Amino acid sequence: MIVAIASGKGGTGKTTLAVNLARLLAPGVRLLDCDVEEPNAHLFLPAATGAREVVTVPVPEIDPERCDGCGECARFCSFNALAALGDRVLVVPELCHGCGGCRRVCPQRAIRETGRRIGVIQSSTADGIHLVQGRLDVGVATVPPLIHRVRERSGGDGLTIVDAPPGTSCAMVAAVGGADFVVLVTEPTAFGLHDLELAVATVETLDVPCGVVVNRTGHGDGRVERFCRERGLPILLRVPEDRRVAAACSRGELPVDVVAGYADRLRPLARAIAAGLLPAAAEA
Amino acid sequence: VRVAFPAAGNDLDAPLDSRFGRSPWFLVYELESDSFVLVDNRQNANAAQGAGVEAAQAIVQAGAEALIAGRCGPKAFHVLSAAGVTVHTSDALTVRAALEAFRGGKLPILSEPNAAAHPA
């Protein structure tokens, strides 16, 4: 069972919810930090040494002896990573997403693949939480391939929580696609609603059931609640604005550990996840 | 000699587009015959990424030996350099004005990219 924690808007509390849920679901839970451009789930978990794997994407290398400059590869590439210059072809590796299509379409078999490093995956276990973190190298712009590699570390029959990147771009799609359920975290504001609408549309396109967590209730207004009611989206949880939660997070502490009442508030959602009852909630 | 101009329109009086990769048209002017052809870049102008690379390829395939541009980023510059196309900068308002400045030898050659890379 893979449960992704996502949002449209950034800063709604995805990571806070993901790490606190993981804490309540431990031992035996996996937490995949797929926010590879700025991974931060580890800040809330005990430091632990673990394994580190360098991730590369295959990029084309052209054999000038064989290449006749026909340009089939450049025409195939959707990412403009190849430029056909008449008598030869130039590779722009930083635009390559590593799909391997150019190699397949080359009539001269002039393309072989070499690895280009895009980031690392670090994994470690502490307090019953197996954390897998993707970390994109500075300056790299091809995000989805690394997220896909992190997602491959899902726990099979076990329970996996995915902390997705914000937004509704390719990175979010890579983190959320194929999950069993998506929890969309939002806040009761105009911005929260606007980006929630985008996120719901994206998740519907991906055909993954979803529910909503309204975080920091008590400010803003009722427009998110109204939207969820009209669209038949289940509100899984409402978490009131609480300065103590912000203070705990700023110290790198987990609110479920140090803020009275916070664990009790999250526990019903954790139980529903553990029991695999979330998709049923989405159809309600 | 053929010279390429990023153009916001489809004739010599069109504004010179300061963008290269996302310019809607390229006007490729042949100095010897005083004639030009247009390269339609409108589809590529909306590319998610690599518009500069694709545009550079189109310029090369149109037989241009020089490009007049307001700005040229590193990936496009890399492709153009590899193909031996010189890049000249101009802040002229129209293609015609830039062409006259080029003919007068007044447009400096760019030795390195003068715009930042756009993230993919």
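Lettering of chains follows the sequences in order, A, B, ..., and the numbering in each one begins at 1. On a predicted model such as this, the values are computed, not experimentally measured, just so you know.
For Q43(B), the CD atom counts as loosely surrounded, since its 6.0 Å shell holds 12 or fewer non-hydrogen atoms of other residues, nucleotides or ligands. Around atom CG of D91(B), no more than 12 heavy atoms belonging to other residues, nucleotides or ligands sit under 6.0 Å away. Counted within 6.0 Å of CZ on R103(B), heavy atoms from surrounding residues, nucleotides or ligands total more than 12; the atom is thus considered enclosed. Within a 6.0 Å radius of CZ in F191(A), other residues, nucleotides and ligands contribute 12 heavy atoms or fewer. Surrounding CG of D207(A) are at most 12 heavy atoms belonging to other residues, nucleotides or ligands under 6.0 Å away. Counting non-hydrogen atoms of neighbouring residues, nucleotides and ligands closer than 6.0 angstrom, the CD atom of E152(A) exceeds 12 such neighbours. The environment of CZ in R104(A) is sparse: at most 12 heavy-atom neighbours from other residues, nucleotides or ligands sit within 6.0 Å.
The backbone N or O of A81(A) sits nowhere less than 3.5 Å from a side-chain atom of E54(B) that would complete a donor-acceptor pair.
Residues V53(B) and L82(A) share a closest heavy-atom pair of CG1-O, 4.4 Å. Here the closest non-hydrogen pair linking G50(B) and L95(A) is CA-CD1, 3.6 Å. Scanning both residues, A82(B) and L85(A), for their nearest heavy atoms gives CB-CD1, 4.3 Å.
For V60(B), the part sitting under 4.5 Å from any heavy atom of chain A is the side chain, from C-beta outward, and nothing else. Using a 4.5 Å cut-off between heavy atoms, A47(B) touches chain A through its side chain atoms alone. Heavy atoms of A58(B) lying under 4.5 Å from chain A are absent altogether.
Between H97(A) and Q49(B) the shortest side-chain heavy-atom distance falls below 4.5 Å. A 4.5 Å side-chain heavy-atom check between L90(A) and Q57(B) finds every atom pair outside the cut-off.
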